Protein chains: 2
Amino acid sequence: MRTRWLDDAELDAWVRFIAVVELLPGVLDTQLRRDSDLTHFEYYVLAMLSEAPDRTLRMTHLAARTNATLARLSHVVSRLEARGLVRRTPCPEDGRATNASLTEDGWAAVVAAAPGHVETVRSHVFDALRPEQVDQLREIATALLTKLDPEGRMTTPYRRPRAGAAR
Amino acid sequence: MRTRWLDDAELDAWVRFIAVVELLPGVLDTQLRRDSDLTHFEYYVLAMLSEAPDRTLRMTHLAARTNATLARLSHVVSRLEARGLVRRTPCPEDGRATNASLTEDGWAAVVAAAPGHVETVRSHVFDALRPEQVDQLREIATALLTKLDPEGRMTTPYRRPRAGAAR
DNA sequence: CCTATTTACTTGTAGTGTCAAGTAAATGCT
DNA sequence: AGCATTTACTTGACACTACAAGTAAATAGG
């Protein structure tokens, strides 16, 4: 089957988009590490827990919400647990499952980290976009996720939290 | 200064966009690793060299084009050199600088890897987007790069290559 | 021209992510 | 009920990236 190469418009979009994908994580990690001693992924894990009922989620669900593999999450939760930010407890309903919960220190860490993180997101992302571009970005991301995440693991309808992701 | 929190539309866009940013590299890496024994970053390095005059670029320029730090690039080039895909030569004009060039094997590797890679990009990204969304994505990415890459290191005007990035 | 600074890397170490394998509990089949 | 399979993790080894420090050549200042 012949390759369907990219045309000029697609290629131009792709080169820039890839650059964004390469650069954005570094920007987020650098700020969070400097100000809060957290990686962006660690922050995101804490933030997702902070929004969950009882600040608790099963590892599988937490992995889905953070777009991570279980293996990656397990390692990260181990580290966060060692730092006292998260606690693991066996799930009563299912003997195979583990619940991860935010500790008080963990809660304090997200609350402390959130403003600086949100400011970074705003200044590096949303300040550059017009309101209609925010909508376009949402639609484009939604479209891409149907291909990148066909099972729609993380496509849980969004509920507004009291703190977290970028509240 | 009070935190400028994200509104609902921004938050929704952000959660999905972050998911894309987390998932896309994995998709690209998995395909390239499986079919061509290359990471996406390694592929991109080879692709950028394949488009350069003489298939050669100074490390600093190659780093700029691949959105990487010099340290990261240096490690990767060492590995590619060990595999015979790239060759390092001291730059005649500047004693501090190093030129990286694609070898014949390196060229063969990009040419072999390109169709599968492009097919992945097409099926996971562009097939999900309408033509106007491709333009929107390009404009959004361009806008974000002004914040993420203020020096405009990688914003070199694009020339169509004979093979490479996603030709 | 001689020294200070900047530029262009390279390298070692330490932290993170991936992959493969392993464990244990729940589910499905007959 | 009993065995096979699937699910839900955990763990260890290895690969890759980031950060910090080091080297060497070019440039800039006095």
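Per chain, numbering begins at 1; letters A, B, ... match sequence-line order. Small disclaimer: the values here were computed from a predicted structure and weren't measured. Excluded from the calculations below are hydrogen atoms, water molecules and symmetry mates; all remaining heavy atoms, backbone and side chain alike, are included.
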Using a 4.0 Å heavy-atom cut-off across all strands, classify Ala97(A) as base, sugar-phosphate, or nothing.
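Ala97(A): backbone/sugar contact only, no base atoms under 4.0 Å.
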For a quick check of understanding: with a heavy-atom distance under 4.0 Å over all strands, which category does Asp94(B) fall into, base, sugar-phosphate or nothing?
sugar-phosphate
Atom-to-atom span, [atom1] of [X] to [atom2] of [N] - whole angstrom:
| X | N | atom1 | atom2 | value |
| --- | --- | --- | --- | --- |
| Arg33(A) | dA20(D) | CZ | C1' | 14 Å |
| Glu22(B) | dT18(C) | CD | P | 9 Å |
| Tyr44(A) | dT16(C) | OH | C1' | 19 Å |
| His61(B) | dA8(C) | NE2 | C1' | 11 Å |
| Arg34(A) | dA18(D) | CZ | P | 17 Å |
| Leu70(B) | dG12(C) | CG | P | 16 Å |
| Arg58(B) | dA25(D) | CZ | P | 15 Å |
| His75(A) | dT11(D) | NE2 | C1' | 6 Å |

Please determine if [X] and [Y] form a salt bridge, counting it only when a charged side-chain N lies under 4.0 Å from a carboxylate O.
| X | Y | answer |
| --- | --- | --- |
| Arg87(A) | Glu81(A) | no |
| Glu10(A) | Arg138(B) | no |
| Arg65(A) | Glu51(A) | no |
| Arg16(A) | Asp12(A) | yes |
| Asp105(B) | Arg83(B) | no |

Arg72(A) to Phe41(A) six-membered ring, cation-pi geometry met (6.0 Å, 45°):
yes
Which one, [options], comes nearest to the side chain of [X]?
| X | options | result |
| --- | --- | --- |
| Arg96(B) | dT16(C), dT6(C), dA8(D) | dT6(C) |
| Met59(A) | dC9(D), dA20(D), dT17(D) | dC9(D) |
| Val76(A) | dG17(C), dC19(C), dC19(D) | dG17(C) |
| Thr98(A) | dA26(D), dT10(D), dT10(C) | dT10(D) |
| Thr39(B) | dC16(D), dC9(D), dC9(C) | dC16(D) |
| Thr69(B) | dA18(D), dG17(C), dA8(C) | dA18(D) |

Phosphate contact (dG17(C) OP1 or OP2) by Arg79(A) side-chain N/O below 4.0 Å:
yes
Identify, between Ser78(B) and Glu93(A), the residue whose nearest nucleotide on DNA chain C lies closer to the 5' end.
Ser78(B)
For Ala71(B) and for Glu42(A), find the nucleotide of DNA chain C with the closest heavy atom, then tell me which residue's nucleotide is more 5'.
Ala71(B)
Using the closest heavy atom to pick a nucleotide of DNA chain D for each, name whichever of Ser74(A) or Gly95(B) lands nearer the 5' end.
Ser74(A)
Go nucleotide by nucleotide along DNA chain D from the 5' end; which of Arg72(A) and Thr30(A) gets its closest nucleotide reached first?
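Closer to the 5' end of DNA chain D: Arg72(A).
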